[in-house]
Amino acid sequence: MTTATSLRLFGVCAVVAVLSLVRYAPEVTVFDPAAGFGYAVARVPDLKQQLADPAGWESHPSQPVALRWRLLPPTVGHLLHMRWRSYFAVPLIGAAILLMLTVAWTYEETRSVGWAALTGTLVTTSSWFFVSTGWLGQFDAFYLLGVMAVVFAPSSLAVWAACTLAPWCDERFLLILPACLCLRWARSALAERRRSLLVAGVGIAPYVALRLWAVAQGDGSIGSHLASQEAELRGYLPHLPLGWWMGFRAGWALIGIGIVAAAGALPRGGRLLLALSLFAGLAAIAVLAWDVSRSIAVLLPFLVHGAIVLRQRWPDAGWKPVAAAAALNLLIPASHVVEFSQIHLFSLWARIL
């Protein structure tokens, strides 16, 4: 990739990020967290305490225990002696890195800056971007970076690093990992499929082994989380369709294309494994996470794959559905769906006026 192309792609990232931030302006910033309320700032006290003492921190009784094993961000922040404002800015850096890599990977496979721009627009008008830029201390971009690397990174070392580090940012990585490996297999040769499975297994082994050891030693975080979720499950499950829709909105068309294309590239056994891993992963996420519009972001690789497939198979006309989906995502309403609540997002102009 030439320097001129890199600069163009950097410009693409800046433009699509600004478009999303203007159209769906975040309510909270790291500079003035007191202006926010509700879910966007709910974990701020716990996050500050966790930053001060990652190993010894214990969740407040009124807060979920989901943060207990998400130790990578606070540990790095603690070792770097970060102040809390700097720490809460790290998710913005993660969002920028994820966006730039996604645009770069899309360009590498499509050789079209325009196609990368349209895909980038769909990426920045998805729920993970709204959460990363509008909720404090949500490190979703980093586990999603791991998810994307499992599918699109050309290096086995990058896949290993993703599988080693991403679970320590969010356990949702493990729940969608089998489906992402199936997508990687659909995009690669047989030898690569075997190697990626081995690399992924070696990568996640330390995290899985430590969690199992902790359970054997009496760690009750899993049980506590399941108990809290069971109490709320019947209430928020009816909101699941709306929440999942708000995760990508028009981008779901590309996700469907990505899933169908992946299934078509796999043998019969692979198609069955893809279907089972998607069903099991999404079902587990639906049960374990009440922030439903946020959690469905795990399907981001399938959206990007769908956009790439359209370029590869229909280079002359495939841009039309991608452009239509990108335009719709900038026009139609968006919101967070959390538990029993729908939190609408408004444009910068609406907030100013």
Side-chain angles (χ1 to χ4, degrees), residues 105 109 122 126 128 143-144 146-154 156 158-160 162-164 166-167 170-205 207-209 211-212 222 226 229 233 237 240-241 243-245 247-248 251-289 292 295-314 318 321:
W105 283 329
E109 298 202 30
L122 287 167
S126 299
W128 77 271
Y143 93 84
L144 288 172
V147 167
M148 292 291 288
V150 166
V151 176
F152 295 103
S156 295
V159 175
W160 170 82
C163 292
T164 301
D170 199 303
E171 303 87 341
R172 277 173 275 219
F173 173 84
L174 294 178
L175 298 178
I176 203 63
L177 177 60
C180 289
L181 286 172
C182 288
L183 181 53
R184 186 178 182 90
W185 296 340
R187 295 163 41 83
S188 57
L190 180 60
E192 170 61 24
R193 295 174 187 176
R194 294 171 177 170
R195 182 165 57 250
S196 60
L197 180 61
L198 175 62
V199 168
V202 171
I204 66 174
Y207 178 87
V208 173
R211 291 297 304 266
L212 292 175
I222 295 177
L226 288 173
Q229 289 300 117
L233 189 60
L237 277 185
L240 198 66
W244 282 9
W245 163 255
F248 294 101
W252 276 102
L254 279 298
I255 292 173
I257 291 170
I259 291 173
V260 171
L266 290 169
R268 183 177 180 180
R271 290 195 294 271
L272 179 60
L273 183 59
L274 174 62
L276 290 176
S277 60
L278 279 173
F279 176 81
L282 295 181
I285 288 170
V287 170
L288 296 174
V292 289
S295 296
I296 198 61
V298 295
L299 293 181
L300 184 64
F302 289 90
L303 181 148
V304 176
H305 181 62
I308 291 170
V309 164
L310 286 173
R311 168 66 173 179
Q312 293 173 340
R313 298 187 182 179
W314 298 281

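These numbers come from a predicted model, not from an experiment.
Separation of atoms CD1 (Ile204) and CZ (Arg211) is listed at 13.0 Å; rounding is to 0.5 Å. Taking CG of Leu273 as the reference point, atom CZ of Arg268 lies at 14.0 Å (rounded to 0.5 Å). Separating the CH2 atom in Trp185 from the CG atom in Leu266 is a distance of 8.5 Å, to the nearest 0.5 Å. Interatomic distance, CZ of Arg195 versus OG of Ser188, reported as 8.5 Å (0.5 Å rounding). Here the straight-line distance linking atom SG of Cys180 with atom CZ of Phe173 works out to 7.5 Å at 0.5 Å rounding.
In this structure the side chain of Phe248 reaches within 4.5 angstrom of the side chain of Leu299, judged on heavy atoms. Under the 4.5 Å side-chain criterion, counting only non-hydrogen atoms from C-beta, Cys163 is in contact with Leu177. Residues Phe152 and Ile308 are in side-chain contact: their nearest non-hydrogen atoms beyond the backbone lie under 4.5 Å apart. Using a 4.5 Å heavy-atom threshold, the side chains of Phe302 and Ile257 count as separate. Proximity of Leu175 to Leu288: side-chain heavy atoms (C-beta onward) are separated by under 4.5 Å at one or more points. Proximity of Val150 to Leu181: side-chain heavy atoms (C-beta onward) are separated by under 4.5 Å at one or more points. A 4.5 Å side-chain heavy-atom check between Ile259 and Leu278 finds at least one atom pair inside the cut-off. At a threshold of 4.5 Å between non-hydrogen side-chain atoms, the residues Leu254 and Val309 do not count as touching.
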### Message
If you apply the rule side chain to side chain contact (heavy atoms under 4.5 Å, CB included), what do you find for Glu109 with His305, and how did you get there?
### Response
CA-CA 10 Å; Glu109 298 202 30; His305 181 62; 5.9 Å; no
#### Entry: From CA spacing to verdict: side chain to side chain contact (heavy atoms under 4.5 Å, CB included), Leu303, Leu122
CA-CA 8 Å; Leu303 181 148; Leu122 287 167; 4.0 Å; yes
### Message
Apply side chain to side chain contact (heavy atoms under 4.5 Å, CB included) to residues Ile285 and Arg172 and explain how you reach the verdict.
### Response
CA-CA 7 Å; Ile285 288 170; Arg172 277 173 275 219; 4.3 Å; yes
### Task
Take Ile296 and Leu282 through the side chain to side chain contact (heavy atoms under 4.5 Å, CB included) test and state the conclusion after the steps.
CA-CA 8 Å; Ile296 198 61; Leu282 295 181; 3.8 Å; yes
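One N or O on the side chain of Arg184 and one on the backbone of Ala153 form a donor-acceptor pair closer than 3.5 Å. For the pair Trp252 (side chain) and Gly247 (backbone), a donor-acceptor distance under 3.5 Å is absent. A side-chain donor-acceptor contact under 3.5 Å links Ser277 to the backbone of Leu274.
The environment of Trp105 atom CH2 is dense: over 12 non-hydrogen atoms of other residues, nucleotides or ligands sit within 6.0 angstrom.
Of all heavy-atom pairs between Ala265 and Ala186, the closest is CB-O, 3.4 Å. Between Leu310 and Pro321, the closest heavy-atom pair is CD1-CG, 3.9 Å. Smallest separation of non-hydrogen atoms from Arg187 and Val151: NE-O, 3.6 Å. Nearest heavy-atom pair across Val147 and Pro301 is CG1-CG, 3.2 Å. Nearest heavy atom pair, residue Ala162 against residue Pro167, reads O-CD, 3.9 Å. Counting all heavy atoms, side chain and backbone alike, Val292 lies closest to Gly243 at CG2-CA, 3.7 Å.
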